[in-house]
Amino acid sequence: MRRLHARKRVDSKPKPTTDPPKMDPIKFQSRPSSRSTALFSRNPRQSRPTPYVFAISIVTSLALLGFSYIFLFSSAESTKFGIIIDGGSTGTRIHVFRYRVDRSKTLVFDFKQVSDSLKVNPGLSAYGEQPEAVSDSLGELLEFGRKKVPKEQWGETEIRLMATAGLRLLDVELQDKILEECRKVLRVSGFKFHDEWASVITGSDEGVYAWIVANYALGTLGGNPLDTTGIIELGGASAQVTFVSSEFMPSKFSRSIKFGNFTYNLYSHSFLHFGLDVAHESLRETLIKRDFSPAADSLHKEMYIDPCTPKGYLPRSSNLSLGFVAEKSKYSSELQARGNFSECRSAALRLLHKGKEKCSNYHCYLGSVFMPKLQGNFLATENFFYTSKFFRLRQRAFLSDLMMAGQHFCGEDWSKLKKKHQSLDEEELLRYCFSSAYIVALLHDSLGIALDDERISFANQVENIPLDWALGAFILQSTAKLDGQETDWITTIFSGESPTLFSMVAISAILMFVAWSISKWRKPQLKTVYDLEKGRYIVSRIGRS
Ligand SMILES: Nc1nc2c(ncn2[C@@H]2O[C@H](COP(=O)(O)OP(=O)(O)OP(=O)(O)O)[C@@H](O)[C@H]2O)c(=O)[nH]1
Ligand SMILES: [Ca+2]
């Protein structure tokens with residue numbers, strides 16, 4: 001009879017004398033009872049994972065699912081909204097802007113919705129005598145805005161009212177009264193509003209915003225400053241000039257805008273009273289104040305020649321003119337319409353050079369205001385565009401083309417012009433002799449742009465993006481807000497600078513590893529010995545009891 005061998009000291013690796021059967025990978029399941037040797041199945045098919053492994057692998061796969069769902073479907077970011085109310089001199093208009101923030105934290109604006117703006121007349125400045133009446137005009141605009149923004153998003157949709165030259169022309173107390181009435185309405189509009197978001201913006205800001213939208217539309221915003229395009233805007237009450245200049249500029253005219261990796265040193269100024277409607281009104285008043293020579297052959301009482309109105313024009317009784325100038329611009333009976341382009345151009349130039357003698361040691365192309373030498377190309381918008389469109393000029397027309405068209409129009413008889421342009425409102429038709437002469441006096445005689453220079457493009461939009469300063473203001477605000485904003489963890493994960501899908505897989509792998517090590521930890525450390533006497537493997541737990 002074979003003697004029982006004392007239990008052999010077992011080293012870590014059993015040294016069987018006979019070849020043990022091939023061990024299959026062991027799936028081990030410990031049993032609670034003390035005597036039982038550990039049950040183990042060589043046949044992995046019979047082994048069942050412990051509850052911990054099961055639970056953790058569920059958690060891990062859910063995490064993976066969650067990440068992939070968010071990653072795959074987060075591209076459908078929700079559309080967000082912003083509202084800007086432009087308080088212009090001839091009217092007030094609401095703009096509802098749509099945008100989303102894509103995964104690379106880039107703002108994606110959707111400007112195709114031209115229907116997202118509405119204008120009401122007259123402008124805010126017409127409510128000087130009755131500021132509280134402004135609620136009617138704003139009420140209509142807010143009703144329009146609420147229809148454009150889903151109700152659940154009203155509370156997060158910021159609304160700003162930014163007034164321009166119309167209010168700038170009023171004294172400050174009246175401006176404040178009208179703005180306070182606007183705030184009362186905006187506070188209860190349902191949109192997100194702070195009092196300081198209703199204000200009169202400076203002309204310089206207005207110009208900068210117009211420059212931003214122009215270069216955003218041209219794709220030059222965020223690129224080399226020397227590749228940007230300047231903006232020159234002829235509004236109703238004011239004219240803005242904004243462009244990148246490498247010249248020294250007094251701080252009053254200098255604006256520095258940081259966008260992407262570039263800083264743009266801009267000259268920006270708004271010439272109040274130089275808008276088309278106000279300039280036209282001022283010219284008529286100057287004619288009557290006898291600043292220019294009276295009509296030599298006037299048959300009746302003192303009459304003054306008006307070279308900026310086609311001959312044969314006689315004012316109708318109620319003279320409804322354009323915009324806020326309407327209240328004041330009754331065509332005076334002392335004026336005798338005698339259209340003459342070059343005389344109108346000289347009268348306009350005198351208007352533009354008023355105060356030039358006060359120009360100190362700067363360049364003063366317009367009035368007594370500093371302006372560096374024009375640099376680069378320009379987009380000429382608003383009344384520049386409407387005038388060039390009326391005369392059917394090319395976008396990059398020469399000023400000489402405008403001059404010829406103006407000479408012909410001013411010299412034409414009013415009755416013929418009315419017959420030729422029947423679809424046009426008489427008040428609008430009446431302005432094109434003056435506007436053609438005024439633009440040549442401004443761009444050529446004052447700013448020095450050559451008559452055959454192609455630097456000027458007459459436009460009011462680029463690639464269906466309207467060149468509206470309100471758009472530029474919105475682009476600047478939303479970009480600044482995004483840069484300053486703590487992006488939430490979702491955006492962090494999916495934004496360009498943060499982990500991409502690869503890192504998510506890494507995160508999930510870490511989760512899986514954690515899951516596995518927990519399950520390992522729960523799993524007893526096992527020792528396997530081959531018992532020669534019994535001729536089988538014995539698996540026993542080591543370490544923790
Ligand atoms: N001919 C023509 N002129 C227009 C048209 N739309 C606007 N304007 C004129 O273009 C100028 C500027 O338009 P807006 O900026 O809307 O006017 P506004 O904001 O009230 O005027 P500002 O306060 O000076 O900017 C004004 O003189 C308007 O009368 C148009 O469709 N045709
Ligand atoms: Ca305007």
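Every number for a ligand or one of its atoms is a count from 1 in the order of the listing.
Contact atoms of ligand 1 toward Asp277: 26 (C), 27 (O), 29 (O) (distance under 4.0 Å to a heavy atom of the residue). Which parts of ligand 1 touch Glu428 is read off a 4.0 Å heavy-atom cut-off, strictly below it: atoms 1 (N), 2 (C), 32 (N). Here is the list of ligand 1 atoms found below 4.0 Å of a heavy atom in Gly88: 18 (P), 19 (O), 20 (O), 23 (O). Per-residue contacts place Lys119 under 4.0 angstrom from the following atoms of ligand 1 (heavy atoms of the residue considered): 16 (O). Listed by number with element, the atoms of ligand 1 under 4.0 Å from a non-hydrogen atom of Tyr432 are 1 (N). The Thr164 neighbourhood of ligand 1 comprises atoms 23 (O), with distances under 4.0 Å to a heavy atom of that residue. Of all atoms in ligand 1, numbered sequentially from 1 with element shown, those under 4.0 Å from a heavy atom of Arg93 are 14 (P), 16 (O), 17 (O), 19 (O). Heavy-atom contacts of Gly91 reach the following atoms of ligand 1: 20 (O) (cutoff under 4.0 Å).
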| Please walk me through it: do Asp468 and Tyr209 pass side-chain hydrogen bond (donor to acceptor under 3.5 Å, both in side chains)? | CA-CA 8 Å; Asp468 197 309; Tyr209 297 146; over 6 Å; no
| message | I'd like to know whether Asp445 forms a salt bridge (charged side-chain N to carboxylate O under 4.0 Å, His left out) with Arg345, so could you lay out the CA-CA distance, the side-chain angles of the two residues, the decisive distance to 0.1 Å, and finally the verdict. | response | CA-CA 9 Å; Asp445 302 328; Arg345 177 181 166 187; 2.8 Å; yes
| request: Would you check, one step at a time, whether the test side-chain hydrogen bond (donor to acceptor under 3.5 Å, both in side chains) holds for Thr90 with Lys119? | output: CA-CA 10 Å; Thr90 63; Lys119 179 174 181 178; 3.1 Å; yes
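Residue Asn383 holds the heavy atom nearest to atom 27 (O) of ligand 1 of all those in Leu429, Asn383, Leu276. For atom 2 (C) of ligand 1, the nearest non-hydrogen atom from the set Tyr386, Phe385, Phe384, Trp469 comes from Tyr386. Residue nearest to atom 24 (O) of ligand 1, selected from Ala237, Ser125, Gly87: Ala237 (by heavy-atom distance).
When only modelled atom types and interatomic distance are considered, Gln240 and Ser270 share a side-chain donor-acceptor pair under 3.5 Å. Side chains of Asn340 and Ser342: a donor on one and an acceptor on the other come within 3.5 Å. A side-chain donor from one of Thr220 and Asn215 sits under 3.5 Å from a side-chain acceptor of the other.
Judged by the shortest distance from any of its heavy atoms, Gly275 lies outside the 4.0 Å radius around the atoms of ligand 1.
In the displayed structure, Glu129 atom CD is contacted under 6.0 Å by at most 12 heavy atoms of other residues, nucleotides or ligands.
When the ring pair (Phe, Tyr, Trp, His ring centres under 6.0 Å) test is applied to Tyr264, the partners found at least two apart in sequence or on another chain are Trp211. The disulfide (SG to SG under 2.5 Å) search around Cys410 returns Cys433, not counting sequence neighbours.
In terms of polar-atom proximity, defined here as any N/O pair under 3.5 Å, Asp86 makes no such contact with ligand 1. Some N or O of Gly236 is nearer than 3.5 Å to an N or O of ligand 1, by distance alone.
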